[in-house]
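Everything below concerns the one structure shown next.
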Amino acid sequence: MSFVLRNISVRHASAKRGDSYQALNEVSVSIEQGEQIALIGPSGAGKTTLLHTLACAHPQVSGELSIFGVSPWKLSHAGRHALRARLFLAPQTPPLPPRQRVVTAVLAGCLPQWNIWQAIASLIRPAYPDAAYDALARFNLQDKLYSRVDRLSGGERQRCGMARLLVSKADAFLVDEPLSALDPMLAQQTLTTLQQEAENRNATLICSLHQVELALRCFPRIVGLRDGRIVFDAPRSEVTEAMIAGLYRNAMQDEQRDVQLAPAPIHVSC
Amino acid sequence: MATLVTLILLWPMLIASEFKPWILLDAQSLDATWGFLSGFFYPAHSREFLLLILEATWQTIAIATAGLTLGLLGAIPLTLLATESMSVSLMETGHMRLSGAIVRQTARWLLVLLRSVPELVWALLLVRIVGLGPTAGVLAIALTYSGMLGKVYAEILESSETHATQSLLKNGGGRLASLMYGALPASASELVSYTTFRWECAIRGSVVMGFVGAGGIGQRMDESMKMLAGGEVATMLIIFVLLVACADMVSTYLRKRLG
């Protein structure tokens with residue numbers, strides 16, 4: 001088991017003490033090592049918070065969380081930080097400093113494995129330019145190896161952030177909307193690369209997506225999240241159009257239940 | 001109305017500070033000023049004087065550079081202790097662990113202590129301890145400047161975009177390494193420009209400290225002032241201007257390189 005969540009409630013990362021609004025509410029889910037899961041749901045459903053919780057980025061208010069068989073928040077400070085090295089969280093906006101060279105930004109994925117002297121040495125002279133090159137090549141960015149991050153386009157930055165994921169030694173990839181800045185062709189290509197990498201090293205891949213069609217086409221298991229709760233958690237073959245429509249119906253339609261819904265047609269093919 | 005109130009409030013202060021500008025226009029003062037200032041033309045430029053000044057200038061630059069380097073040795077560790085962007089517990093829960101908070105606060109207090117005593121005061125104290133000469137100047141600059149550099153470095157790092165650093169921390173990167181890969185690229189040129197500006201200040205500071213016997217061009221200037229040798233003072237002032245202009249050029253060059 002790579003992740004087991006039992007009745008997890010989480011407050012928003014930026015919430016003040018005493019603010020009782022919960023971004024995740026009594027979420028229970030278990031995820032096997034090597035599983036590939038798409039996380040879908042409307043904006044503000046708690047997808048990012050769930051990914052952050054799985055990455056031990058912030059603690060739950062209540063419930064039990066187990067990652068690779070241990071409860072991260074019962075570990076020591078150092079133990080928990082060592083656990084984080086096995087989890088790779090890729091935020092939605094690529095976390096790349098604009099004035100850094102692409103090769104350095106990609107190799108930053110190796111930081112958990114390096115001691116401080118290796119890290120400093122690699123700032124001056126990149127330690128494994130070949131590894132960075134190979135990682136970038138899988139996203140067709142190999143010729144950007146020595147350019148600066150601020151010379152990249154939005155989509156290139158996003159893929160550069162994914163290249164960092166490839167050089168990391170993580171056993172679980174928690175990827176937050178990796179395709180938001182990519183055109184449909186690149187989106188498919190990028191997703192395929194991510195899935196192949198996860199499969200090759202038997203890593204768990206959890207990916208939040210807004211492209212429902214792509215999620216249904218490429219992921220065997222779909223988790224639908226809404227208002228901080230899991231609405232459905234099913235294999236792709238069991239996800240129906242009505243379930244998707246229910247997941248995305250907006251609050252206004254909630255109030256006017258008599259208004260007939262016209263769910264967008266979904267083409268499931270694979 | 002506001003002007004009137006300001007004037008009424010200012011008046012006692014002017015009295016207390018014995019602010020009497022008309023003394024400047026007194027015949028006797030004008031005479032003395034004229035005598036001193038006319039001495040400024042022409043600046044002294046005899047060969048032996050220039051050699052003497054060159055050596056003193058070199059000593060001043062050496063005091064400033066050595067002082068700043070020593071200051072950096074103190075400032076960098078204190079910066080790393082004081083800056084909040086390296087706190088893992090802050091990233092996790094939004095507030096710091098008690099132990100972390102205590103260490104950070106102590107580092108901050110130490111920085112306040114170091115920079116709240118002006119370098120001139122440190123120099124006066126140190127001249128008593130290590131005797132007249134450049135050593136006192138170097139140590140005085142190192143003490144004050146480690147406080148200033150540490151504070152400003154920590155603020156520069158904290159005010160830079162934290163997303164990159166935080167993200168590396170969340171992926172299990174070490175604190176120092178995350179800071180260097182996340183925040184440093186964005187802040188490097190600001191850090192360098194502030195450091196060269198402080199180097200410029202250290203040159204000025206070491207001149208002032210020369211007046212209390214800490215060596216360098218300041219000590220020479222003190223002597224020339226006391227002898228009312230305007231020409232010599234003028235030469236030294238010109239050298240100051242050149243030094244500051246040089247520091248400015250170094251800063252511009254370095255920032256372009258890092259741009």
Side-chain angles (χ1 to χ4, degrees), chain A residues 11-17 51-52 55-59 72-73 77-78 80-101 104-105 107-120 122-123 148-150 161 164-165 168-170 173-174 176, chain B residues 76-77 79-81 84-104 156-193 254-259:
Chain A
R11 268 205 301 257
H12 222 273
S14 55
K16 295 186 180 67
R17 277 189 235 196
L51 289 174
H52 275 70
C56 333
H58 46 85
W73 299 99
H77 214 66
R80 187 161 57 243
H81 211 61
L83 181 65
R84 284 193 188 106
R86 298 181 61 192
L87 306 161
F88 191 95
L89 175 73
Q92 185 183 358
T93 38
L96 314 172
R99 302 165 106 164
Q100 199 166 45
R101 282 190 303 175
T104 315
L107 288 176
C110 299
L111 283 184
Q113 279 75 46
W114 286 350
N115 63 37
I116 186 67
W117 304 115
Q118 281 172 297
I120 293 172
S122 181
L123 269 187
R148 256 171 49 160
V149 168
D150 52 6
R164 183 188 277 183
L165 176 149
S168 80
K169 296 276 177 288
F173 303 146
L174 309 161
D176 200 0
Chain B
I76 291 171
T79 305
L80 297 178
L81 289 178
E84 280 183 0
S85 29
M86 279 169 71
S87 165
V88 175
S89 46
L90 192 68
M91 178 264 290
E92 285 170 348
T93 55
H95 43 90
M96 264 185 254
R97 272 193 305 178
L98 188 62
S99 58
I102 289 172
V103 169
R104 277 191 180 82
I156 290 176
L157 289 174
E158 273 168 27
S159 66
S160 75
E161 182 59 59
T162 56
H163 183 51
T165 314
Q166 291 293 305
S167 168
L168 287 168
L169 276 179
K170 281 174 191 167
N171 285 335
R175 286 167 230 228
L176 188 53
S178 299
L179 190 78
M180 285 196 296
Y181 277 72
L184 206 56
S187 333
S189 76
E190 219 176 322
L191 292 174
V192 166
S193 116
L254 284 175
R255 261 186 307 153
K256 262 200 193 124
R257 279 290 306 272
L258 287 165

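Just the heavy atoms: all of them, side chains too, but no hydrogens, waters or symmetry mates, feed the values below. Residue numbering restarts at 1 for every chain, and letters A, B, ... go by the order of the sequence lines.
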Determine the minimum heavy-atom distance between [X] and [Y], stating which atoms define it.
{"X": "Ala177(B)", "Y": "Ala119(A)", "result": "CB-CB, 4.0 Å"}
{"X": "Pro97(A)", "Y": "Gly182(B)", "result": "CG-O, 3.5 Å"}
{"X": "Pro95(A)", "Y": "Ala164(B)", "result": "O-CB, 3.5 Å"}

Would you indicate whether the side-chain heavy atoms of [Y] and [X] approach each other to under 4.5 Å?
{"X": "Leu87(A)", "Y": "Lys170(B)", "answer": "no"}
{"X": "Ser189(B)", "Y": "Arg99(A)", "answer": "yes"}
{"X": "Leu111(A)", "Y": "Met180(B)", "answer": "no"}

Portion of [X] that has a non-hydrogen atom of chain B nearer than 4.5 angstrom:
{"X": "Pro98(A)", "value": "neither"}
{"X": "Arg164(A)", "value": "side chain"}
{"X": "Ala55(A)", "value": "backbone"}
{"X": "Arg80(A)", "value": "side chain"}

query: Relative to chain A, which segment of Leu176(B) carries a heavy atom at a distance below 4.5 Å: side chain, backbone, both, or neither?
result: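 Interface part for Leu176(B): both.
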field: Gap between atom CG of Leu169(B) and atom NE2 of His81(A) - 0.5 Å precision
entry: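 Here the rounded value is 5.5 Å.
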Has the side chain of [X] got a donor or acceptor atom that lies under 3.5 Å from a matching backbone atom of [Y]?
{"X": "His163(B)", "Y": "Thr93(A)", "answer": "yes"}
{"X": "Tyr181(B)", "Y": "Gln100(A)", "answer": "no"}
{"X": "Asn171(B)", "Y": "Leu89(A)", "answer": "yes"}

